[in-house]
Amino acid sequence: MKILVTGGAGFIGGNFVHYMLREHPEDEILCVDALTYAGNMETLAPVMDNPHFKFIKADIADRETIYAIFEQEKPEVIVNFAAESHVDRSIENPAIFLQTNVMGTQVLLDACRKYGIQRYHQVSTDEVYGDLPLDRPDLFFTEETPIHTSSPYSASKASADLLVQAYHRTFGVPVTISRCSNNYGPYHFPEKLIPLMIANVLNDKPLPVYGDGKNVRDWLYVEDHCSAIDLIIRNGRVGEVYNVGGHNEKTNLEVVQLIIATLGKGEIQFVRDRAGHDRRYAIDPTKIHNELGWLPKTKFEDGIQKTIQWYLDNKPWWENIISGEYQNYYERMYGNR
Ligand code: NAD
Ligand code: TYD
């Protein structure tokens, strides 16, 4: 199978590339990535010499280039990870989120129509469902939960999902969608909660917890997300949405305190809350379990230890990131908070 992975120089896409080359050495992986601030060739360095892997730098919203890639490379399966992915940046500047997440998705879908493919898989998020109240632990997101978005990021992801479903219904493009909860693991850009806190502890900087720190996220080790997508592209039913999550709900404070306890230091600083901050995400993964037999392998307690160890063992990977433009981002986001 020839699989086009967009956004493969990012966190989850990069882990997916490694996962697929390891689990399915017979497949060919073509990675297309625009190398925005979030893309990092260091993440792909270990596979650059693999004869089953090829990298092309391109923007998914650049129609001409994307059509040329489809024409020349003839991918059979598309897995679209490419996106602007950070909620705080979407609050600062929504436009690029619509451009990449919506218009980019449309270009890929048009290419699928024009050149024909076996499967288009859209990597979506549980954030399209909005949030759940903290005092109703009995509620979970199912695939039937109405779309109800809070941030420009989640609105752009939901828009892309609707477009994917429209291209299936109207043009017959064979699509699937996965909506996963918060991922964590190696190669996670240090603007997101877990890697940011690990990097700050190691650099003796305060740990900025938004609001009261009681917001709940449902954490999934990134490899478990990769295995879910792998199953969906092979055995998932065309036209279907699959929620992906492992019942690992934690408050932000619990996560930060676990990082402090593991590293033996770190000082929490409560800072101004995020605008529109979603209170709780929680996935009901019954459908993917019953239909495809998917189960997560890594418990949060083990996954977080592995992740912290990875950041200890791979300092050059993240120190390189935070030494550059990231400093300006950090000052803009946290300087006056
Ligand atoms: P990321 O920000 O780490 O990586 C995004 C990648 O996409 C980068 O390599 C970037 O260079 C590339 N990219 C951005 N704009 C592009 C464009 N116009 N053309 C081509 N490439 C472009 O993001 P991530 O956390 O790995 O998320 C990947 C996907 O998974 C996203 O679609 C996101 O919405 C979804 N998702 C993420 C999470 C999570 O917890 N991180 C959870 C559920 C779903
Ligand atoms: P994040 O990693 O940005 O993921 P998302 O907003 O997509 O869930 O944030 C996870 C949670 O951590 C969210 O409730 C916001 C909170 N948070 C902080 O408290 N401090 C921070 O510095 C960051 C980046 C996030």
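Numbering of ligands and ligand atoms starts at 1, following listing order. Computed from heavy atoms alone, side chains included, the values below leave out hydrogens, waters and symmetry copies.
With Asp33 contributing its side chain and Ala9 its backbone, the two residues share a donor-acceptor pair below 3.5 Å.
Under the salt bridge (Lys or Arg N to Asp or Glu O under 4.0 Å) criterion, the residue pairs touching residues 151-165 are Asp161-Arg179, with sequence neighbours excluded. Applying the salt bridge (Lys or Arg N to Asp or Glu O under 4.0 Å) rule to pairs touching residues 290-300 yields Arg237-Glu291, sequence neighbours excluded.
In this structure, ligand 1 sits under 4.0 Å from heavy atoms belonging to Gly7, Ala9, Gly10, Phe11, Ile12, Asp33, Ala34, Leu35, Thr36, Ala38, Gly39, Ala58, Asp59, Ile60, Phe81, Ala82, Ala83, Ser85, Thr100, Val123, Ser124, Thr125, Tyr153, Lys157, Cys180, Ser181, Asn182, Asn183. Listed by chain and residue number, the protein contacts of ligand 2 are His86, Val87, Glu127, Asn182, Glu191, Lys192, Leu193, Leu196, Met197, Pro208, Val209, Tyr210, Asn215, Arg217, Asn252, Arg274, His277, Tyr281, Tyr334 (heavy atom within 4.0 angstrom).
Using modelled atom types, one finds no donor on one side chain facing an acceptor on the other under 3.5 Å when comparing Ser90 with Glu84.
Ring geometry, Trp318 versus Tyr311: the interplanar angle falls from 30° to 60°, so the pair is classed tilted.
Counting heavy-atom neighbours within 6.0 Å of His148 NE2, excluding the residue itself, gives a total of 12 or less.
Met41 contributes atom CE, which lies 10.0 Å from atom NZ of Lys57 (distance to the nearest 0.5 angstrom).
Salt bridge annotation for Asp204-Lys265: present, with a cationic side-chain nitrogen under 4.0 angstrom from a carboxylate oxygen.
A cation-pi geometry, defined here as NZ or CZ lying under 6.0 Å from the six-membered ring centre and within 45° of its normal, holds between Arg337 and Tyr210.
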